[in-house]
Number of protein chains: 2
Amino acid sequence: MGQDEGGSPQRARRASIRQVAAAARVSTSTVSNVLNNPDVVATSTRRRVEDAMAEVGYVRNGAARQLRGAPSTIAGCLLLDTANPFFAEVSRGIEDRLTEAGCLLIVGSTDVRAAQENNYLRMMEELGVRGILVNPSGSRLDRLVRLSGRGTPVVLVDHPRAGADLCAVAVDDVHGGGLAADHLLALGHRRIAFLGSQAGIRSLRDRGEGIRRSMRKAGLDVSSTLVEIPVPEPCTVDVADSVVDQVLAVSPRPTAVICFNDVVALGMLRGLRRHGIPVPGQMSVVGYDDVQFAEQLSPALTTVRQPKYQLGRAAAELLLAEDRPGHQHQEIRFTPELVVRASTAPPAIGG
Amino acid sequence: MGQDEGGSPQRARRASIRQVAAAARVSTSTVSNVLNNPDVVATSTRRRVEDAMAEVGYVRNGAARQLRGAPSTIAGCLLLDTANPFFAEVSRGIEDRLTEAGCLLIVGSTDVRAAQENNYLRMMEELGVRGILVNPSGSRLDRLVRLSGRGTPVVLVDHPRAGADLCAVAVDDVHGGGLAADHLLALGHRRIAFLGSQAGIRSLRDRGEGIRRSMRKAGLDVSSTLVEIPVPEPCTVDVADSVVDQVLAVSPRPTAVICFNDVVALGMLRGLRRHGIPVPGQMSVVGYDDVQFAEQLSPALTTVRQPKYQLGRAAAELLLAEDRPGHQHQEIRFTPELVVRASTAPPAIGG
DNA sequence: CTGTTAGCGCCTTCAG
DNA sequence: CTGAAGGCGCTAACAG
């Protein structure tokens, strides 16, 4: 098994089923049967073929199999940012379920950019992936519905069906926003900032809506109780940190802030510390997601927990079910829950 | 890994280049030229073909192209755990560089299990991916070298070349371990625990080695200064939390602990808090990686920073360079740096 | 400029 | 149980 000399940078063509057949002195279809219908081949022949495979270093050619009609072993997944701990957990859930089914996972971050999202979708469709799990960055689902209609199953992740004929896994964001607001209102806060992204992401709009409903339900005037502050993309710790100035500049100053996720809350805490504002003494902070580190922040973060890993697993499950005979599209809905820790307290008197 | 589930190919067959040709009343090769050599086709014909594509909903068939010899647009990436924030950042760096080159990324978590790793490698090879970026879970590189020899480029991620004929991107872990130990020794600690994983991961062995060298350099007896405590897989916050008991049971009790990553440090902090042990008053804690949340923990974590995103980008860069003519395998080496924060202090007197 | 042809590697008939 | 033949969708060569 010496290396080919000649210094050619081109990859050597891999051994095909034919080389194997030649080496084992059988026909190609026998080799194919050894691979796909082992029971149909005589044991001695099979042995010979298997030895030949090892000898020539045979590796199945996935492209040829797929071309011939085999189902793809790849699923795609498009999230806003795979490095964000929330999505990283979701993605891991997807990966684990797919692995159990013998599938691989392509991941992509859209960074809430439609062009990027479309690009990924196109490439994945061309590859003929088994399906695509997507957390849509915009509110238009028609492109995804068309994609699905063309034969590539689509499952919405962390997004409701919204009437579209697709499978979906969602978390009740209106409820989640309400939980955060109820908690702060119960503590006595009457001036609350909501750090939402400016990109108009559906989940954030819903949380905002939940917050407003909660305020109305408490008989408060939303316009004077709630201050919405957009967080520019990308939503990193540094960006969130820099938004603190804006929050503090609002007059009258809010006594509490609801962040749209725990990473933003992390930046918020850092910025507040920089400004010497004690949390929760002078400012209560609520996060969203309950990622791993939330419990151990300084102070421990009050936040709204979402099922992350389970969200991913459930989405993958729906995708795998797509090609089962009488499949019906369905939505799975999770409910978030409030986790109260140390970053929230009643507002300072006279605050 | 489980069996393929379901898989009845009920999907409608996609429109092929032939339908397009028919609809545009040209030959298939003209359609192909519109796709791949647009300049060679008359504008009016091209228009006609493009309209026909839209009409029949044409989507390129990646499998057929690949079979015909087109380079794959997919790269693979195998990390220990994609949900771990360190690897999530690395992976994002890889993804971004690949996207610039028009490539997609398959990710997989090995969870330090050889069988899982081999399974992924085989599947990726069968797919004919453009190359595989891998953070090897074991110390045996021969399988990877063979894989590379068969035509699938392999780049080691966060791992030195170790003499193998592969590209690699590494961080100097011996140095990193030394940084952590030097810092603690300078503070006066003489009884230090190292929480290494029991799986014998190369990077952790190296860090342990760096720690020992640092102690020897300081003229200390390693066996009485260092206590190595294995952390069982999986290395989650909860597991690390549960190891705290072991650390505290060591006699004489260590006054400082070096954790093999920040997630473990997170669990350590939680466990120590549970036991009512003040950090750094009764126990100093050093992490590794400097992930996003390290700065904001309670107390802010002293840790050894690794370039994460850049590590990923560099690895992807090497992979993309693999098929350039005259390519030589090379190693890129980064240097970690110590970030001192609030979780370390001199040992308590009489500690 | 456009059309024809011959496979890429594999799998599924259908004969033997 | 094994062998021969055709074609999946596409593209590189050549012919017109």
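Here is the naming used below: chain letters follow the sequence lines, and residue numbers restart at 1 for every chain.
One can place CG of B/Leu127 at 13 Å from P of C/dC10, the figure rounded to the nearest angstrom. Whole-Å rounding puts the B/Gln66 CD to C/dG9 P distance at 12 Å. In this structure, B/Gln19 atom CD and D/dG9 atom P are separated by 8 Å, rounded to whole Å. If you take CZ of A/Arg14 and P of C/dG9, they are 10 Å apart, rounded to a whole angstrom. Atom CD in A/Glu126 sits about 15 Å away from atom P in D/dG9, given to the nearest Å. Rounded to an integer number of Å, the gap from CE of B/Met53 to P of D/dG9 is 15 Å.
Distances shown here put every side-chain N or O of A/Arg65 at or beyond 4.0 Å from the OP1 or OP2 atom of C/dG9. A close approach under 4.0 Å does not occur between any side-chain nitrogen or oxygen of B/Ser27 and OP1 or OP2 of C/dT4. OP1 or OP2 of D/dC8 sits under 4.0 Å from a side-chain N or O of B/Arg18.
In the set D/dG9, D/dT11, C/dG3, the nucleotide with an atom closest to the side chain of B/Leu67 is D/dG9. Side chain of A/Thr45, nearest nucleotide from C/dG9, D/dT2, D/dC10: D/dT2. In the set D/dC10, C/dC10, C/dC1, D/dC10 carries the atom at the smallest distance from any side-chain atom of B/Tyr58.
With respect to the salt-bridge test (charged N to carboxylate O, under 4.0 angstrom), the residues B/Asp111 and A/Arg92 qualify. Using a 4.0 Å cut-off between charged side-chain N and carboxylate O, A/Arg146 and A/Glu125 make no salt bridge. A salt bridge is absent between A/Arg313 and A/Glu95; no separation between the charged side-chain nitrogens and carboxylate oxygens falls under 4.0 Å.
By the 6.0 Å contact criterion, CZ on A/Arg25 is open, its count of non-hydrogen atoms from other residues, nucleotides or ligands being 12 or less.
Checked against salt bridge (charged side-chain N to carboxylate O under 4.0 Å, His left out), A/Arg48 has no partners two or more places apart in sequence or in another chain. For A/Arg47, there are no salt bridge (charged side-chain N to carboxylate O under 4.0 Å, His left out) partners at least two apart in sequence or on another chain.
Tested against A/Val154, the residues A/Leu141, A/Leu78, A/Val134 include a single side chain to side chain contact (heavy atoms under 4.5 Å, CB included) partner, A/Val134.
Each side chain to side chain donor-acceptor pair (under 3.5 Å) pair with one or both residues in residues 135-144 of chain A, not counting sequence neighbours, appears once here: A/Glu117-A/Ser137, A/Asn118-A/Arg143, A/Arg140-A/Asp142. Pairs engaging residues 58-78 of chain B under the side chain to side chain donor-acceptor pair (under 3.5 Å) rule: B/Asn36-B/Arg60 [sequence neighbours left out].
Residue order along DNA chain D, read from the 5' end via each residue's closest nucleotide, puts A/Arg25 first among B/Asn61 and A/Arg25. Along DNA chain C, the nucleotide closest to B/Ala64 and the one closest to B/Arg46 are compared, and the more 5′ of them pairs with B/Arg46. Between A/Val41 and B/Leu35, the residue anchored nearer the 5' end of DNA chain D, judged by the nucleotide with its closest heavy atom, is A/Val41.
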Give me, pair by pair, the N or O atoms of the protein and of nucleotides 14-16 of chain D that are less than 3.5 Å apart, along with how far apart they are.
none

Is there any protein nitrogen or oxygen under 3.5 Å from a nitrogen or oxygen in nucleotides 12-16 of chain C, and what are the pairs?
{"residue": "C/dT12", "atom": "O4'", "partner": "A/Arg68", "partner atom": "NH2", "Å": "3.3"}

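A/Arg130 has its side chain within reach of A/Leu320: a pair of non-hydrogen atoms, C-beta onward, lies under 4.5 Å apart.
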